[in-house]
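Predicted model only: the values in this text are computed from it and were never measured. Residue numbering restarts at 1 for every chain, and letters A, B, ... go by the order of the sequence lines.
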There are 2 protein chains.
Amino acid sequence: MLNQSAVLDQVFHALADPTRRTIVERLTRGPVSVSALAEPLSMSLPAVLQHLQVLEASGLVRSEKVGRVRTCRIEPETLKTVEDWVAERRAVWETRFDRLAAFLAEEEDQSK
Amino acid sequence: MLNQSAVLDQVFHALADPTRRTIVERLTRGPVSVSALAEPLSMSLPAVLQHLQVLEASGLVRSEKVGRVRTCRIEPETLKTVEDWVAERRAVWETRFDRLAAFLAEEEDQSK
DNA sequence: GTGATACTTAAGCATATGCTTAACCAATCA
DNA sequence: TGATTGGTTAAGCATATGCTTAAGTATCAC
């Protein structure tokens, strides 16, 4: 993996915007055209395009154009990158917590 | 939950910076003072303080000052917010995928 | 009290973000 | 062919970010 950190930068940044999360949520339910994506969003089409560019750059979304319609879909693998990072932090945290518990138990034991 | 979206905005934004992720990683291994956190980071102390403020505002980190030392620790519950959001997207995605598979299987069935 | 330590605050600055409006292009459709 | 639909590009602008340096303010150690 080439610079995992840069990928996380982009993915987290992409998800830090409510409009972009709305787009991701819509896309998890299936592929959509750009204008259909824009329809419920109260902003100009170019603004939506820019959000899509951020999402595509992050790898969360992929799109392809057929005729004059561009269809967007999510890339579930990239969402997994986030999941993995969080899970890894959690794992470290829990290990530390278990060790702390074990240490305290031992202390308790010695005080008897 | 009071404006879940605003929380996600802040948490994802907080995690979108490599310095802040480094800080979170350090804190998952246990509480640390501000200067100890800053030591491996190649930037001024005020810069680190600003990153910590972003992390605290997001709820990912909590800190308290005793004497002249401020000790920082992570708030694992907030990391879980991220985990939950991602897991929920994933669940929607998988449901959709299962339905697609079922649909295709049925199509296949009818063509016989 | 004097000095060092551990932050804190304030100000300033370059760059990035999130939008807008105004064209522009390329496939349909009538 | 000429209008419409679906998307794209470009330019501009207000605000937010990520840093810096300089100047505090509380401890704590002697």
Side-chain angles (χ1 to χ4, degrees), chain A residues 3 5-27 30-74 82, chain B residues 3 5-27 30-74 82:
Chain A
N3 206 352
S5 183
V7 173
L8 287 170
D9 281 8
Q10 295 200 289
V11 174
F12 280 124
H13 171 239
L15 294 175
D17 182 280
T19 300
R20 288 194 291 261
R21 283 199 307 278
T22 300
I23 292 176
V24 168
E25 298 198 4
R26 177 67 193 79
L27 293 179
V32 194
S33 73
V34 172
S35 46
L37 266 180
E39 196 269 319
L41 306 172
S42 47
M43 66 180 65
S44 69
L45 203 67
V48 175
L49 254 285
Q50 283 167 33
H51 283 302
L52 278 173
Q53 278 161 18
V54 172
L55 286 166
E56 286 212 55
S58 78
L60 279 168
V61 167
R62 178 165 54 88
S63 76
E64 78 182 307
K65 199 168 179 174
V66 174
R68 58 184 171 175
V69 176
R70 176 173 296 279
T71 301
C72 309
R73 61 192 70 237
I74 58 154
V82 176
Chain B
N3 206 352
S5 183
V7 173
L8 287 169
D9 281 8
Q10 294 199 288
V11 174
F12 279 124
H13 168 65
L15 293 175
D17 182 279
T19 301
R20 287 195 290 264
R21 283 199 307 279
T22 301
I23 291 176
V24 168
E25 298 199 4
R26 178 66 193 79
L27 293 179
V32 193
S33 73
V34 172
S35 47
L37 266 181
E39 196 270 318
L41 305 172
S42 47
M43 67 181 64
S44 68
L45 202 66
V48 175
L49 253 286
Q50 284 167 32
H51 282 302
L52 277 173
Q53 279 161 17
V54 171
L55 286 166
E56 285 212 56
S58 77
L60 280 168
V61 167
R62 179 165 53 88
S63 76
E64 77 182 309
K65 198 166 179 176
V66 174
R68 58 185 169 173
V69 176
R70 175 173 296 279
T71 301
C72 309
R73 61 193 68 237
I74 58 154
V82 176

Residues in side chain to side chain donor-acceptor pair (under 3.5 Å) contact with A:Arg62, at least two apart in sequence or another chain: A:Glu75

With sequence neighbours left out, what residues match B:His13 under side chain to side chain donor-acceptor pair (under 3.5 Å)? none

For A:Ser58, the side chain to side chain donor-acceptor pair (under 3.5 Å) test, sequence neighbours excluded, returns none

Gap between atom CZ of A:Arg21 and atom CG of B:Asp9 - 0.5 Å precision: 4.5 Å

Report the residue (B:Arg20 or B:Val66) whose heavy-atom-nearest nucleotide on DNA chain D is the more 5′ of the two. B:Arg20

Inter-residue atom distance B:Leu37.CG - B:Thr19.OG1, 0.5 Å rounding: 11.5 Å

Among all residues two or more places apart in sequence or in another chain, which pass the side chain to side chain donor-acceptor pair (under 3.5 Å) test with B:Arg26? none

With B for base contact, S for sugar-phosphate-only contact and - for none (protein heavy atoms under 4.0 Å), nucleotides 5-10 of chain D reads BSBBB-

First and last nucleotide of DNA chain C in contact with chain B, 5' to 3', at under 4.0 Å to a heavy atom: what are they? C:dA4 to C:dT9

Sub-3.5 Å donor-acceptor pair from the side chain of B:Arg20 to the main-chain atoms of B:Ala14, do we have one? yes

How far does CG of B:Leu60 sit from CG of B:Leu27, to the nearest 0.5 angstrom? 10.0 Å

